[in-house]
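Okay, so here's the structure we're looking at.
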Amino acid sequence: MAEANYPDDLRYHDQHDWVRLDGDDAAVFGITWYAQDTLGEVVFYEPPEVGATLTKDQPYAEVESVKAVSDVIAPMSGEVTEVNDVLSDSPEKINEGPYDEGWLVKVKLSSPQEYEALLTAAEYQKLLDR
Amino acid sequence: MNVAALRRTPLYEQHEELGAKLVPFAGWEMPVLYEGIREEHTAVRTHAGMFDVSHMGEVEVEGPGALEFLQLALSNDVAKIAVGGAQYSCLCNESGGVIDDLFAYRLGTDRFLIVTNAANHETDLQWLGRWSRDYDVAVRDVADRYAMLAVQGPHARAVVAATLKIELPERFHVVAQNVGRRPALICGTGYTGEDGVEMLIDPEVAIPVFKELRLAGVVPCGLGARDTLRLEVCFPLHGNELTPERNPIEAGLGWCCKEETGFLGSPRIRSARAAGTAERLAAFTIEGAGIPRDGNPVLGERGEQVGVVTSGTFAPSLELGAGMAYVRSDLAEPGTAVEIDVRGKHRAARIASKPLYRKRS
């Protein structure tokens with residue numbers, strides 16, 4: 001995806017993650033267009049284990065480009081129910097479609113109320129513009 | 001480091017115009033990539049890429065005592081370089097440690113040009129100046145005289161010859177030619193494992209020459225690709241594999257040390273060669289997932305530390321994690337299984353023969 005893009009139906013964490021709610025207490029996480037653009041082509045994604053507990057604001061996975069490693073920060077707390085297996089063979093999907101094919105984990109949320117504190121697309125973009 | 005104090009090469013504006021990602025490197029503001037490290041790496045392996053390496057330094061050594069002095073200062077047998085020839089050497093301290101690694105070009109019977117690593121240029125100059133006092137020789141810093149452009153890849157020589165309409169030197173030779181109607185030195189050397197040239201050209205014509213080559217299809221490449229390319233063919237990088245605390249023998253550079261010339265550090269290097277070294281520089285590949293990084297510990301079969309990674313990366317042509325490491329000598333043989341501690345995760349790895357990447361011929 002060549003152009004910056006921040007869908008309105010997602011919420012954002014200031015460490016460049018997005019959250020898509022899936023029902024009342026489940027969600028999908030990924031990294032934003034800005035995060036993948038800064039990192040460059042992703043050549044390796046180290047997912048958490050299914051069942052792992054994620055804590056808001058703590059690292060839960062790693063993405064690596066040829067020369068750099070970046071922690072992925074949990075935007076909300078919960079338990080991993082599914083990881084995107086496609087990424088183990090095709091980590092570049094994170095660059096190609098950070099909001100669809102490049103999703104990282106599905107999570108059963110332990111504190112769904114954390115969602116309200118996340119940034120809207122407009123707020124996140126304002127943060128990037130600073 | 002104060003960003004304002006960074007030096008810029010004659011090609012800086014060109015890099016900005018192309019949207020390069022610029023980073024501080026050895027006191028210079030250098031392009032690490034333009035489009036992407038992987039694309040640039042592949043361009044050099046399959047076609048032709050060019051690197052602005054104007055940050056590298058040049059030192060001219062001239063005078064009746066030039067050869068004799070360089071036999072003292074450089075590890076290789078400088079007398080073996082014919083006029084128009086090039087030779088790789090280490091610049092060693094008295095303990096046999098590597099101050100810098102470099103190419104020496106013989107421009108005349110009594111005139112040599114040395115190309116230094118940017119980070120070591122001042123140190124090299126001081127060292128050469130200090131040891132040249134007893135010789136009939138002048139050591140001059142001529143770094144500002146040149147912009148340096150490396151054009152590398154299977155098609156590099158053909159494109160350079162056709163585009164700049166110049167005759168090219170054989171591998172490990174140097175010829176004087178006009179580039180952009182200004183005197184230039186064309187060297188048949190490189191740091192990528194591919195065929196190609198390194199050109200020392202007038203800074204005034206650096207941008208037009210770069211543009212002309214780009215129009216001819218040569219892909220601008222940053223220091224990121226330069227690093228992955230050299231690592232795949234196991235060329236050492238000073239500061240990573242080579243340091244003043246390591247001798248050339250443990251670094252696998254015994255082939256460019258000719259102790260019989262009596263160069264500085266040669267007694268220590270002779271002993272190291274005879275006795276063997278406790279550690280040796282080895283190449284390795286990761287067996288499954290994971291990307292090694294500089295500084296990662298190398299672990300033996302009981303989990304004990306047996307070495308340290310000096311350069312680690314994702315190797316684009318191999319499509320796996322790979323690197324070089326100093327490991328205990330008894331474990332440095334190709335085929336030996338080790339583990340790399342990558343931020344707490346133990347990744348299975350195997351010592352591999354050098355180079356890691358072999359050109360398809």
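Below, read A as the first sequence line, B as the second, and so on, with proteins coming before strands; counting in each chain starts at 1. Remember, predicted model here, so these are calculated numbers, not experimental data.
- With a 6.0 Å radius and a threshold of 12 heavy atoms from other residues, nucleotides or ligands, B/Glu35 has its CD atom at or below the threshold.
- For B/Arg347, the salt bridge (charged side-chain N to carboxylate O under 4.0 Å, His left out) partners are A/Glu46, not counting sequence neighbours.
- When the candidates B/Arg38, B/His41, B/Arg293 are compared by the number of heavy-atom contacts under 4.5 Å with chain A, B/Arg293 comes out ahead.
- Against chain B, the residues from residues 48-70 of chain A that qualify, each with a non-hydrogen atom under 4.5 angstrom away, are A/Glu62, A/Glu64, A/Ser65, A/Val66, A/Lys67, A/Ala68, A/Val69 in number order.
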ask   = What's the verdict on side-chain contact (heavy atoms from CB on, under 4.5 Å) for A/Glu41 and B/Ile37, showing C-alpha distance, side-chain angles and the deciding distance?
value = CA-CA 8 Å; A/Glu41 187 188 352; B/Ile37 292 174; over 6 Å; no
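- A distance of 12.0 Å separates CZ in A/Phe44 from CG in B/Leu320, rounded to the nearest 0.5 Å.
- More than 12 non-hydrogen atoms from other residues, nucleotides or ligands lie less than 6.0 angstrom from NZ of B/Lys354.
- Summarising the local packing, CG of A/Asp9 is surrounded by more than 12 heavy atoms from other residues, nucleotides or ligands at distances under 6.0 Å.
- For B/Glu319, no part lies under 4.5 angstrom from a heavy atom of chain A.
- Counting non-hydrogen atoms of neighbouring residues, nucleotides and ligands closer than 6.0 angstrom, the CD atom of B/Gln305 exceeds 12 such neighbours.
- For CD of B/Glu301, the number of neighbouring non-hydrogen atoms (other residues, nucleotides, ligands) closer than 6.0 Å is 12 at most.
- Within a 6.0 Å sphere centred on OH of A/Tyr34, other residues, nucleotides and ligands contribute 12 heavy atoms or fewer.
- Atom CZ of B/Arg214 has 12 or fewer heavy atoms from other residues, nucleotides or ligands within 6.0 Å.
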